[in-house]
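Here is how names work: the chains are called A, B, and so on, in the same order as the sequence lines, proteins then strands, and each is numbered from 1.
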Amino acid sequence: MQMNPTVNPRSAPAVPQYKLGGTPRSAQIWKLFESLGPVILLFVVVAVIAIIKPSFILPANLLTVGLQGSVNAVLSIGMTLVIVSGGIDLSVGTMMSLSMVVMAICTNNLGIPMYGGMLICVLVALLGGAINGLLIAYANIPAFITTLGMLGIAQGLALKLSGGYSMYGFPDWYGFIGNGELAGVPVPIWLVLVMMLIAYHLFNNRPLGRYAYGIGNNEESVRRAGVDVRFIKLKVYLFSGCMVGLASLILSSRINSAHPGIGVGYELDAIAAAVIGGASLAGGRGTFFGGVIGAAIMASIRFALNLGGIEPFLQQVVVGIVLIGAVYLDQVRLRQEEYWSKVRARLE
Amino acid sequence: MEQPKCPLLSVRDITKYFGGIRALDRVNLDVYEGEVVALLGDNGAGKSTLIKILAGAYQPDEGEIRLDGKAMLFRTPRDAMEGGIHTVFQELSLCDNLDVAANLFLGSELEKKVFNLVPWFDHFRMRQEATTLLHDLAVDIPRVDRRVSELSGGQRQALAISKAVREKSRLLIMDEPTAALGVAQTRKVLDLVHSLKTRNLAIIYISHNLHDILEVSDRCVVLKNGRKVAELTTRESDKEELTSVILTGELTEARPNQSTR
């Protein structure tokens, strides 16, 4: 090892700095980007939109953005945990459709009271998460395949059960969840904040979060530490299912109906939000906070496209581009880190 | 060296077949507390088969393993760990994305109750105890809130060993712990092995580096073609002799005093 410290692979800047206990400047920037990057990106996006359309930064508009991003924000919290554990959940969108359709059938056709319907909605979403988790953790089917299959199953069931039509007839008070306000702030935003508090506890202070990070990085290490890795994975997908349940309550309340096709595409938004927020599809990395900020960025872009009169079909194109761009950025980030860790190893 | 009457680990007549091939042939091995036993042999001599049996990854076809004089049956690595036998694999025991303290406490995190109700990780206490442990073992990792990905190879190896120590192991199996390390880092790992000895841990040390082995071990056990061909007191041996035993499987006649031990 005993390398000469002045040996400088490629043209790395500021290497001698490392001896002082710091990290090379470029690596510091990437590190900062990892923690604060999504927030900075959000400010940039908001600033750019505000320059083009100054009306965008009116508080009312910003609250609308928050409102529109809330469903995606809730989904992205669950999605982040799944991605951190090294998995993926493609079924969140259509599971949302299915949960709200089942809820509507229970309340409208079977005469179950609304509270019961809401409980059933969450239970259906949890069941979906449980099936995903069991298949992935105990039957060793890759997460991509399992949840892709679940995407199709949920979509098909939602269409079959609803007959393909929107279902109306929720009580008036139900609209409060999605459209009401508390202290001038829309209720869904409050719900997102509550979920962020819970996620903070779960991600940083509970075994589930810590082991999910560990599993995403080195599953064998966590297993050797005596952790029931399979059970943790099951719980990760259950958590995602729980978020799906909450998101479908917000969404069905916002449109005051259950629509079997409304969830399609939400999985892309949730994945994009998580990745923009710093989650790495390689696993082991990401924060729920970044996921929520990512959702806010996505909502801002969509709102701006609406403001600019871009039709919804083209918006899909933009979302696709943003998703691919975010994953590309993730790759660049990984390569940067690999590079710097090599530089560091040579210096020691 | 004064050795207690009962060895911590006693391996008797262990035999293991892979198909028709006899990977281990009636191998005997005793390891006492506070002792470093080096396991030597060329590739294919049976070293890894033996340690995998000790770690519970393989089951022997014949023979028995005694721990504190009690016959044990290790069906899984978990069983071996519960018996206090840990194998240190750096790449299989650390999570790069977690910090040093989190890695040390992985699987047995300390918790506290906030408002006597909500369970919460006690980060402060974990970091405190991690710092103390690393300090006690003289492991050179300045900050326990650093991510493992920021550590050097030697620090990782030391951390993996410290983790096994924290998990109350009594016998550590180290497989080529210094293989990828530089001179200074190797020095630190060897120092750590010495300090583990003073903590009364038993260590099985596998390495191809005779230099390390002569420095760190008390006894050398040489395997060849699945058989134990020699057991030497390290202090009374030297590099040439070890090399010759590993290669030929026989003690040289030039130093007959060794074979009578």
Using modelled atom types and a 3.5 Å cut-off, is there a donor and acceptor pairing between side-chain atoms of B:Asp96 and backbone atoms of A:Asn217?
no
Does any heavy atom of chain A fall under 4.5 Å from the side chain of B:Ser108, the backbone, both, or neither of them?
backbone
Point-to-point distance, once rounded to the nearest 0.5 Å, from SG of B:Cys95 to CD of A:Glu219:
10.0 Å
Around atom OH of A:Tyr138, are there more than 12 heavy atoms of other residues, nucleotides or ligands at under 6.0 Å?
yes
Closest approach of A:Gly284 and B:Asn97, non-hydrogen atoms and distance?
O-ND2, 2.5 Å
Does atom CZ (A:Phe144) have a neighbourhood of more than 12 heavy atoms from anything else shown, all under 6.0 Å?
no
To the nearest 0.5 Å, tell me how far A:Asn205 CG sits from B:Lys112 NZ.
8.0 Å
Taking a cut-off of under 4.5 angstrom between non-hydrogen atoms, the residues of residues 45-59 of chain B near chain A are none
Chain A neighbours within residues 117-126 of chain B, where any heavy atom lies under 4.5 Å away:
B:Val118, B:Pro119, B:Trp120, B:Phe121, B:His123, B:Met126
Where on B:Leu106 is there a heavy atom nearer than 4.5 Å to chain A: the side chain, the backbone, both, or neither?
both
For the residue pair B:Glu111 and A:Pro207, what are the closest heavy atoms and their distance?
OE2-CD, 3.8 Å
Holding to side chain to side chain donor-acceptor pair (under 3.5 Å), I want the full list of residues that pass it with B:Lys188, two or more places apart in sequence or in another chain.
B:Asp140
State whether the number of non-hydrogen atoms from other residues, nucleotides or ligands found under 6.0 Å of B:His211 atom NE2 is greater than 12.
no
For B:Asp145, salt bridge (Lys or Arg N to Asp or Glu O under 4.0 Å) partners two or more places apart:
B:Arg143
